[in-house]
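Pasting a structure here, questions to come.
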Number of protein chains: 2
Amino acid sequence: MMRKVADSTVRRLSLYLRFLEEFEGQGVATVSSGALASRGSTTSAQVRKDLSFFGSFGKRGLGYPVLELADRLREILGLRQRYRVGMIGAGKIGSALVQYRGFRQRGFDIVAIFDNDPAKIGRQWNGLTIQDIALLESELARHPLDMAVLVTPAEPAQGVTDRLVRLGVKAILNFAPVQLVVPDDVVVKTVNLALELETLSYALANR
Amino acid sequence: MMRKVADSTVRRLSLYLRFLEEFEGQGVATVSSGALASRGSTTSAQVRKDLSFFGSFGKRGLGYPVLELADRLREILGLRQRYRVGMIGAGKIGSALVQYRGFRQRGFDIVAIFDNDPAKIGRQWNGLTIQDIALLESELARHPLDMAVLVTPAEPAQGVTDRLVRLGVKAILNFAPVQLVVPDDVVVKTVNLALELETLSYALANR
DNA sequence: GTTTGTGAAACGATTCACAGCT
DNA sequence: AGCTGTGAATCGTTTCACAAAC
């Protein structure tokens, strides 16, 4: 398949898909690169370049067919299927994410929650029982996961990651403030919330 | 002050600061660019280049003095002061963030919570009373904010942003899945959680 | 006339490599 | 000898600009 597409390009493709879905809802049939660009904050050339990595979907003089392009973007982004996602950690952020509608809407189903806190194990969240992390191996053997969302404290994060990797999980969304080490065939995306605030304080301090 | 430092550079500076604080805790007095680099996943040249934007703090043949460099990074990142942060929206993610220790630890104090849901207004979260968003203007007039964390649904996000901007808020961390429009002197950092998962599904689909 | 698709140019970030301090 | 600081080289991304398609 396609190789060497920049992360920034992939992120923009996700945004284009959202805009296309809005246009779809409004019954618009075709859309120009300029129209897509103005909805995001980019340029028409950027939109065309991004799309051209994957083929040519547009009609010159006309623009892009909304339905077809949306469908093709779903395929490119791997959104034609649903994903089984496990939540590792049942703290505050885990709780919020389990209930977050945006995940299910986009095809990501949270199907299991794990924690090591006896006070939490056995509780129900959104219809799911919080399971003992000690049962991770036996549980995933029967019900494999496509992805894991890691919302543990920093210390256990690498250890749990190693177990997930051994169990065949190939994608991890990491909220623990650590740099996880994984093999080449496993993708990790780290979100560090305090760090985002620090980019804001940097901007405030340097004006 | 300094201008034109890439966002990626600022993010690495935040990471270096964390590593320096760990070294500080271990009583290490000086650290080389190579040591800092291996803790993050970067190169010694990158570390030196990043730091060189702001001056030269190292001693050739020796490395960087841990305490001094950490302090200088705090100054650069605007972390010598604490920030008054308002949480706009008292939903699931707002709840998690209000209780998230990482913010306070790094100097970001959540001092007010606003929502428009009568069922939530008046409740206490972490010692703070959820206030009616209708009172945003009167409240901020008396108790100004340095930053806002926006955790509303997509629809009201731009409207609330306009009000925050009018009230002098210069930095917004946005979790609503929309592209906010703000004047040049206001900084916005958007975190789109569903989009992060989509970069993972892209990676899984294209291997 | 409008808009795509795409090489070429411009820009920006990272890596190299080495002179200069300690 | 070890490590920084930094210009120069490299690599990657974005923007330009225009021929080709409709």
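Residue numbers start from 1 in every chain, and the chains themselves are labelled A, B, ... in the order their sequence lines are given, proteins ahead of strands.
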> Any ring-ring contact (aromatic ring centres under 6.0 Å, His included) pairs touching residues 79-103 of chain B, not counting sequence neighbours?
Replying inline: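 Non-adjacent pairs meeting ring-ring contact (aromatic ring centres under 6.0 Å, His included): B:Tyr83-B:Phe108, B:Tyr100-B:Phe103.
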> Can you find a pair of side-chain heavy atoms, one from A:Leu136 and one from A:Leu164, that are under 4.5 Å apart?
Replying inline: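 Side-chain contact under 4.5 Å: yes.
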Between protein and nucleotides 19-21 of chain C, what N or O pairs are separated by less than 3.5 Å?
{"unit_1": "C:dG20", "atom_1": "N3", "unit_2": "B:Arg60", "atom_2": "NH1", "d": "3.2"}

> Taking CZ from A:Phe54 and P from C:dT4, how many angstroms apart are they, rounded to a whole number?
Replying inline: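 Atom-to-atom, A:Phe54 to C:dT4, this comes out as 18 Å.
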> Sequence neighbours excluded, which residues qualify as salt bridge (charged side-chain N to carboxylate O under 4.0 Å, His left out) partners of B:Arg106?
Replying inline: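 Salt bridge (charged side-chain N to carboxylate O under 4.0 Å, His left out) check on B:Arg106 returns A:Glu198, B:Glu21.
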>> Counting only heavy atoms and a strict 4.0 angstrom limit, can you tell me which residues of residues 41-52 of chain B come near DNA chain C?
In response: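 B:Thr43, B:Ala45, B:Gln46, B:Arg48, B:Lys49 - these, ordered by number, are the residues of the stretch whose heavy atoms sit under 4.0 Å from the strand.
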>> Enumerate the side-chain hydrogen bond (donor to acceptor under 3.5 Å, both in side chains) contacts for residues 53-66 of chain A, please, sequence neighbours excluded, ordered by first and then second residue.
In response: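 Sorted result for residues 53-66 of chain A: empty, none.
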Please tabulate, one pair per line, all N/O donor-acceptor pairs under 3.5 Å involving side-chain atoms of residues 24-31 of chain B, not counting sequence neighbours.
none

> Among residues 9-40 of chain A, which residues get a heavy atom nearer than 4.0 Å to DNA chain D?
Replying inline: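 Heavy-atom contacts with DNA chain D come from A:Arg12.
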>> Using a 4.0 Å cut-off to any heavy atom of chain B, which nucleotides of DNA chain D are the first and last in contact, reading 5' to 3'?
In response: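 Extent of the interface on DNA chain D: D:dG2 to D:dA8.
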> Got a sec, which pairs hit ring-ring contact (aromatic ring centres under 6.0 Å, His included) with one end in residues 176-197 of chain B, sequence neighbours left out?
Replying inline: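 Listed by first then second residue: nothing to list.
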>> Using heavy-atom distances to pick each residue's nearest nucleotide on DNA chain D, tell me which of A:Asp7 and B:Tyr64 is more 5'.
In response: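 Comparing both residues, the 5'-ward one is B:Tyr64.
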>> Using modelled atom types and a 3.5 Å cut-off, is there a donor and acceptor pairing between side-chain atoms of A:Glu75 and backbone atoms of A:Asp71?
In response: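 Side chain of A:Glu75 to backbone of A:Asp71, a donor-acceptor pair under 3.5 Å: no, none is there.
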> Sub-3.5 Å donor-acceptor pair from the side chain of A:Asp115 to the main-chain atoms of A:Ala90, do we have one?
Replying inline: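 Looks like yes, one N/O pair under 3.5 Å.
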Distances under 3.5 Å between nitrogen or oxygen atoms of protein and nucleotides 9-12 of chain C:
none

> Would you say A:Tyr16 and A:Leu69 make side-chain contact, with heavy atoms under 4.5 Å?
Replying inline: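 Heavy-atom side-chain distance check fails, nothing below 4.5 Å.
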> Can you list the residues that meet the salt bridge (charged side-chain N to carboxylate O under 4.0 Å, His left out) rule with A:Arg163, with sequence neighbours excluded?
Replying inline: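 Once residues adjacent in sequence are excluded, the partners of A:Arg163 under the salt bridge (charged side-chain N to carboxylate O under 4.0 Å, His left out) criterion are A:Glu137.
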> Quick one: side chain to side chain donor-acceptor pair (under 3.5 Å) partners of A:Gln158, sequence neighbours excluded?
Replying inline: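 A:Gln158 satisfies side chain to side chain donor-acceptor pair (under 3.5 Å) with A:Asp162 only.
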> If you round to the nearest 0.5 Å, how far is CZ of B:Phe54 from CG of B:Leu77?
Replying inline: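 It is 7.5 Å, given to the nearest 0.5 Å.
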>> Quick check against the 3.5 Å criterion: does A:Asp132 have a side-chain atom that pairs as donor or acceptor with the backbone of A:Ala134?
In response: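 Such a contact is found between A:Asp132 side chain and A:Ala134 backbone.
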>> Treating B:Arg82 as the side-chain partner and B:Arg104 as the backbone partner, does any N or O pair qualify as donor plus acceptor under 3.5 Å?
In response: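 Yes; judged by distance alone, with no hydrogens or angles, the pair exists.
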> Is the backbone N or O of A:Val111 less than 3.5 Å from a side-chain atom of A:Asp109, with the two atoms forming a donor-acceptor pair by type?
Replying inline: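 Not at all, since once roles are kept as given, no pair shorter than 3.5 Å links the two residues.
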